[in-house]
Amino acid sequence: MGVIGFNFFKMGTEVKMNRKIYAFYSVLKKSLPIWFVFLIYLRGKGLSYTEALFLDSISAGVSMVFEVPSGIIADYKSRKWLIWYGELFVTINYILLLFGKSYYIFLVGAVFGGLGEACISGTGEALLYDSFKNENLESEYTKYAGKISKLGLRFAAVSTLAASYLYSMNNEIPMLISLLFQIISLIIIVFFKDNQIKEKRQESNLVSELKKQWDNIKYVVMNKSLIKLFFIYLIMLEIISNLNYSSQTFLPELGLNIKYLGVIFFIFNIIASFGAKSADKIKMNTKKIIVIYGILLISLSISNLYFAIVFLGCSRYMNGFIWPLLSGEINQQIPTGNRATILSYKSLLCQIFPLFIDPIVGILFDFKGIRFTYVLMGIILLLWVLVYFIIMKLGRKK
């Protein structure tokens, strides 16, 4: 075992080294069992929906503040060690959730979690991509990333299958296993080969850099199609994330034994993988997808357990292809030279949005119930499409 481990971490060139370690690291991160029972876990700690979702808002707010500074540190100091510290902060959050007895402790943990996510976000991808770039292998990156995504999805499906069963045995087991995975991640990150971007910025570049960013912001604001796509992305991200999150408790409320929750979510993951596989074959435009999603949400609110599982399965299939479709449309609107920067603005908006929306959703869950909230989400989607068509028709008449 020792010889195999030694050969694994000492092999070949930078790109060979990092692609092996990143595959291991990525699979571990996608297999944390706690995430598949996280809302149930927090509810078991005595938190209301509002308190649980407020923790998400705190993490999103902290992550938003440190997103750009962490990116600068990654490029100018060390990507490897920024990832390591990010995972350390996430591990601290899990420890506080495991042993904490007060909501204030959980809030402190959320701060560490948000800081960790800011450090990790995009840093691993940058380190990995530049490993390919520094050896003139950029053309192989997309193929590699696809394989890692597929591998991660399979392991996540297995973890999903086990998570609820482990939780039913002892509600702390999924967290304990997740902590073990975190510790392993901290160990293997040390073996990454660090790299920095070879193209160095000029010392007196601050004014020109600020001007460039201002031009990028103006480009986004003046591009109506891009603004519309950003808005759709944010709305769907918020609705899909809260639907996936709340279904952990919604299905048990309808009568599903919590022991079988993992089986259902395992099936949902498989369904989503088929949706992702068919993304390049789907010709339906985003507005029709939004209408169907709105109808599904309303249907969920009036369904029994078996219909709810069917409707949720349909939504997971759509989840599989809606993100590639939106990503393709967004990228068509962005000039190549500014692609990464403008996409980072979208990422920043994705962190700001939950800061305000998630607490409202949590309050609705607590005081109006999950069914009412699903209906409201569905109506919002249908009204948005209706208003859009009215505005478009009025615009054509003029």
Seminar exercise, completed: What one should report as the nearest heavy-atom pair of Gly113 and Val90 is O-CG2, 4.4 Å

Exercise. With no hydrogens and no angle check, do the side chains of Asn319 and Tyr293 hold a donor and an acceptor under 3.5 Å apart?
Worked result: yes

For this session: Would you sort out whether Arg371 and Phe250 count as a side chain to side chain contact (heavy atoms under 4.5 Å, CB included), showing the intermediate values?
Result: CA-CA 9 Å; Arg371 289 177 182 270; Phe250 180 59; 4.1 Å; yes

Problem set entry | Smallest separation among heavy atoms of Phe155 and Ser31, with atom names | CB-OG, 3.3 Å

Exercise. Hey, does Trp84 have a side-chain heavy atom less than 4.5 Å from the side chain of Leu186?
Worked result: yes

Exercise. Are the side chains of Gln182 and Lys29 in touch, meaning some heavy atoms are under 4.5 Å apart?
Worked result: yes

For this session: Measure the shortest side-chain to side-chain distance between Leu296 and Met318 over non-hydrogen atoms and say whether it is less than 4.5 angstrom.
Result: yes

Exercise. Which value, rounded to the nearest 0.5 Å, describes the distance between Ile83 atom CD1 and Leu88 atom CG?
Worked result: 13.5 Å

For this session: Would you check if the distance from the ring center of Phe265 to the ring center of Phe268 is below 6.0 Å?
Result: yes

Seminar exercise, completed: Looking only at heavy atoms, the pair that brings Ala110 and Ile58 closest together is CB-CG2, 3.8 Å

Exercise. Tell me, do Leu82 and Ile120 make a side-chain contact under 4.5 Å, heavy atoms counted?
Worked result: no

Exercise. If we only count heavy atoms from C-beta on, is the Ile189 to Phe192 side-chain gap below 4.5 Å?
Worked result: yes

Exercise. Shortest non-hydrogen contact from Leu312 to Ser247?
Worked result: CD1-CB, 4.0 Å

Seminar exercise, completed: Value for CG (Leu381) from CD1 (Ile292), rounded to nearest 0.5 Å, stands at 12.0 Å

Problem set entry | Sole candidate of Ile360, Thr373, Thr249, Leu39 that passes side chain to side chain contact (heavy atoms under 4.5 Å, CB included) when paired with Phe365 | Thr373

For this session: May I ask you to check whether Phe367 and Phe372 place their ring centres under 6.0 Å from each other?
Result: no

Exercise. Hey, does Phe38 have a side-chain heavy atom less than 4.5 Å from the side chain of Leu42?
Worked result: yes

Exercise. Will you find, in the side chains of Ser246 and Tyr49, an N or O donor that is under 3.5 Å from an N or O acceptor?
Worked result: no

For this session: Would you tell me whether Tyr25 and Glu87 have side-chain atoms, one donor and one acceptor, within less than 3.5 Å of each other?
Result: yes

Problem set entry | Neighbour count >12 (heavy atoms, 6.0 Å) for atom OH, Tyr94 | yes

Exercise. With a cut-off of 6.0 Å (strictly less than), are more than 12 heavy atoms of other residues, nucleotides or ligands near NZ of Lys368?
Worked result: no

Exercise. Can Asp366 and Thr50 be counted as having a side-chain donor-acceptor contact under 3.5 angstrom?
Worked result: yes

Problem set entry | Smallest separation among heavy atoms of Tyr41 and Leu97, with atom names | OH-O, 3.5 Å

Exercise. Do Glu172 and Lys45 sit within salt-bridge range, that is, some charged N less than 4.0 Å from a carboxylate O?
Worked result: yes

For this session: Check step by step if side chain to side chain contact (heavy atoms under 4.5 Å, CB included) holds for Trp384 and Ile290.
Result: CA-CA 9 Å; Trp384 185 87; Ile290 291 172; 4.1 Å; yes

For this session: Work out which heavy atom in Ser48 is nearest to a heavy atom in Glu51; give both atom names and the distance.
Result: N-OE1, 3.0 Å

Problem set entry | Rounded distance (nearest 0.5 Å) linking atom CD1 of Ile264 with atom CZ of Arg316 | 11.0 Å

Exercise. Is it true that Ile239 and Leu376 fall in one hydrophobic cluster, defined by side-chain heavy atoms closer than 4.5 Å?
Worked result: no

Exercise. With a 4.5 Å heavy-atom cut-off, do Pro359 and Leu53 have their side chains touching?
Worked result: no

Problem set entry | Student check: side-chain heavy atoms of Val263 and Ile267 closer than 4.5 Å | yes

